[in-house]
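Read through the structure below, which is laid out as structure tokens, and then see the notes.
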Amino acid sequence: MAMERKKKASAESSMLLLVVAAILIAVNALSYFMYYRKDTTKAERYTLSEGSARLLRSMKGNMKVDAYVTKGLPKLDAFVRDLRDLLQQYKDASKGKFDYTIIEAKDEEQKKKAKEAGLQEVQFGEGSDTEDKAEFAKGYMGLVLNYGAERETIPVLSPDNNVGLEFWITNKIREVRDKGDGIKHKIGLLTGNDEIKLSAPDLLPANTGQKPTLQGLITRYWPFYQIVDVDLKNGEADVDESLDGIIITQPGKDISEKELRRIDAFVMKGKSLAVVASAVNVKPSDASMTGTLSTRGLEKLLEGYGIEMRKDALLEFGRPFRVPMQSYGGLQIMRFPPVLDVHDDFRFTGDEQLLDTSFAPFFRVPQIGFPFASSLVLHREKQPDVAPDKFKVVARTTPKTMQETGDTVDLRPLRQWRPKGAFNQFPIAVSIEGKLKSAFAGSDKMGVEAPTESTNTARVLVISSSQFFANPFARAGNGPEMGGQMGMMMQGMGGDETLQAIAGSYAQQIVTNVILVTKNTLDWVTGDVDLLAASAKILQEPSLAYGDVSKPNFDDMTEEQLKRADDTMKKERKKTQYWVESTLIVGLPVLFGLLGVVLWRRRISARENYQLA
């Protein structure tokens, strides 16, 4: 009798397993024809943003995208699947204005078309966690966007990182739409107070013979942005309402309060303001690099918004800008604490985060130079109606930073930099967005009418770096500009040779990212709601914190020690990621399997011990 019960229980268990297996096979087969997924992330990370959908529907014509892809490796196949799903969401949301084709360029004709379109052939690799080997595949992974007579490309998409993929594609769609539909975005640049100009040839040292400018690069590569000079004539002129926003660069003399009131009135109309300036003033072609500390009146405007700019110069001893210099003792690494070399370092989180690379102007820029910075202090009580996550610090120094105060500061690069005073961590870039209160509410209007609160959502960005848009060593080391034929003959001559040599290293390490941040800042200033909606999904995603990975202390660390510390950090992070992945992939299924076996054995045992009354 007991033997029969065992056979019956075994038959039932086998039948149950066969039924479950059949159900799983059927579900998988149906999923091939009936695909559905539910996005449960708070930021709707796997759902197309409404901003992207609005952008597509706003197009006057139709857009066709050719997605050139490479398959054959697990990560490539997974990325292509995600890319196809995203492009399908674009198509579904466009109301017939967007279509795409997936092209796996295998034959020579397809490869030729991809290359002619501007895509880059890349070799992709993937290692094995269990075996000492790696697999490689060579091909294309990029997009070609066609809109009327316009054609643009995203030359390479990285299968290793699909975070922000929608932001990149939506940004490019916006560029192509603006070109095709003739849309221009006007951005004001404050003038009249000896401000640093985007048209100044300060990106490269003069001895290279090249004179690129940020304004020239904008005109060439992003012609849909129109930079307009704004001279408020000591406050007698108003700001043009047709401007999307206004940028204030480092002024060379005080800005009058009436001019600041004009700017505040502009912001109160729901406009954008970006202040890229600090209290550290250094004259051009001044090889002594003597800094004068003055906020030039900007503090009156910024404090009203709840952002205090202090009259100091920050010296970064944790991560200063470093450059190899040849000396009598051989090659040495020289450090320049007045130039802050800010990195995205995951070891610093929350209120210690160094660089918020999810913030639109700094998006995916892992390293940014902040020359001649001053500290910022937030006074949130000045803007009580602004949500905490909309009033935030987006860049900080390391904890190994000190302040230097007084009227002047010696910023010469080739001097002995010895820390004096207490170290601390300081905010150097702040963003605020919402219904802002006027910076001058409740005081004499001085003839400038402005509401006490912005009529629409307004935004203010402060990057507290006086030469953020320049190469500080080129600006100080290049000779004075001379126009006409004499300037052409003297090109590359004059100036300080040592500073120009340092300027070359600065250009290699920092300037490319300065150009990227400039473009992103223009996107931010225009306040494009569609682009911001696409990037908002990234802004809301919290960073993963690694509690077991220690932070660097930067105590007199050489370049070699910093590199070793970073390598150790990467190994520790990889180890942590390995155990997390192993636990999620193997541990949980094994746990459920063991639980099932235990319950199954208990059931069999209960049947064996069951006796009829």
Side-chain angles (χ1 to χ4, degrees), residues 42-43 163 275 278 302-303 305-310 312-320 337 340-370 373-403 419 421-434 436 459-465 468 517 524 535-555 557 562 565-566 569 572-573 576:
K42 180 180 178 182
V163 176
V275 177
S278 75
L302 299 181
E303 287 179 6
Y305 297 136
I307 305 171
E308 176 188 352
M309 180 184 288
R310 288 183 171 172
D312 61 22
L314 296 181
L315 302 180
E316 171 66 89
F317 288 92
R319 276 200 183 275
L340 288 60
D341 189 10
V342 182
H343 288 238
D344 176 25
D345 191 329
F346 77 93
R347 291 167 290 187
F348 294 86
T349 60
D351 292 338
E352 295 182 339
Q353 185 180 33
L354 301 183
L355 187 64
D356 184 357
T357 54
S358 67
F359 180 56
F362 302 156
F363 180 63
R364 278 195 180 177
V365 183
Q367 175 190 12
I368 303 177
F370 290 78
S374 296
S375 61
L376 301 174
V377 180
L378 275 61
H379 298 280
R380 300 181 187 274
E381 69 278 2
K382 294 287 186 72
Q383 299 293 339
D385 298 331
V386 175
D389 63 330
K390 298 295 184 180
F391 194 166
K392 61 181 181 179
V393 177
V394 292
R396 293 179 178 86
T397 69
T398 72
K400 198 76 172 178
T401 306
M402 59 167 290
Q403 296 169 289
F423 288 116
N424 212 329
Q425 187 174 30
F426 302 95
I428 52 175
V430 172
S431 169
I432 179 171
E433 178 181 352
L436 304 186
R459 294 174 301 130
V460 175
L461 169 64
V462 179
I463 299 176
S464 184
S465 170
F468 187 84
V517 173
W524 183 91
S535 65
K537 299 196 304 184
I538 304 162
L539 304 184
Q540 295 173 15
E541 286 297 323
S543 299
L544 180 63
Y546 296 83
D548 294 335
V549 182
S550 59
K551 299 174 187 174
N553 56 27
F554 300 109
D555 288 330
M557 296 179 74
L562 270 175
D566 285 344
M569 171 268 294
E572 291 178 356
R573 178 174 63 177
T576 302

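Within the model, atoms CD1 of I368 and CG of D344 stand 9.0 Å from one another, a figure rounded to the nearest 0.5 Å. Note that the CZ atom of F370 and the OG atom of S278 stand 11.5 Å from one another [nearest 0.5 Å]. Atom CZ in R459 sits 5.5 Å away from atom CD in E433 (nearest 0.5 Å).
Every residue meeting the side-chain hydrogen bond (donor to acceptor under 3.5 Å, both in side chains) condition with T397, not counting sequence neighbours, appears here in chain and number order: T401.
Looking only at side-chain heavy atoms (C-beta outward), F362 and V342 stay at 4.5 Å or farther from each other. Side-chain contact between F426 and Q403 is present, with at least one heavy-atom pair separated by less than 4.5 Å. Taking the side chain as every heavy atom from C-beta outward, L354 and Q425 approach each other to under 4.5 Å. Between H379 and E308 the shortest side-chain heavy-atom distance falls below 4.5 Å. Between F348 and P399 there is a side-chain heavy-atom pair separated by less than 4.5 Å. Annotation: side chain of D341 is not in contact with side chain of E316 (no heavy-atom distance under 4.5 Å).
When every heavy atom of L376 is checked against every heavy atom of V430, the shortest pair comes out as CD1-CG2, 3.8 Å. When every heavy atom of A395 is checked against every heavy atom of L355, the shortest pair comes out as CB-CD1, 4.1 Å. For R319 against D345, the heavy-atom pair with the smallest separation is NH2-OD2, 4.5 Å. The nearest pair of heavy atoms linking M309 to S464 is CE-OG, 4.2 Å. Closest approach of I428 to S374, counting heavy atoms only: CG2-O, 4.0 Å. Here the closest heavy-atom approach between residue F391 and residue G306 is recorded as CZ-O, 3.5 Å.
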Before you tell me yes or no, could you show the steps for V517 and F468 under side-chain contact (heavy atoms from CB on, under 4.5 Å), namely the whole-Å CA-CA distance, both residues' side-chain angles and the distance that decides it to 0.1 Å? CA-CA 10 Å; V517 173; F468 187 84; 3.7 Å; yes

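Side chain of K382 to main chain of I307: no donor-acceptor pair is present (N/O by atom type, distance under 3.5 Å, no hydrogens or angles). Using a distance-only test at 3.5 Å, with no hydrogens or angles considered, a donor-acceptor pair links the side chain of R396 to the main chain of D351.
For the pair K400 and F317, the NZ or CZ position fails the cation-pi test of under 6.0 Å to the six-membered ring centre and within 45 degrees of the ring normal.
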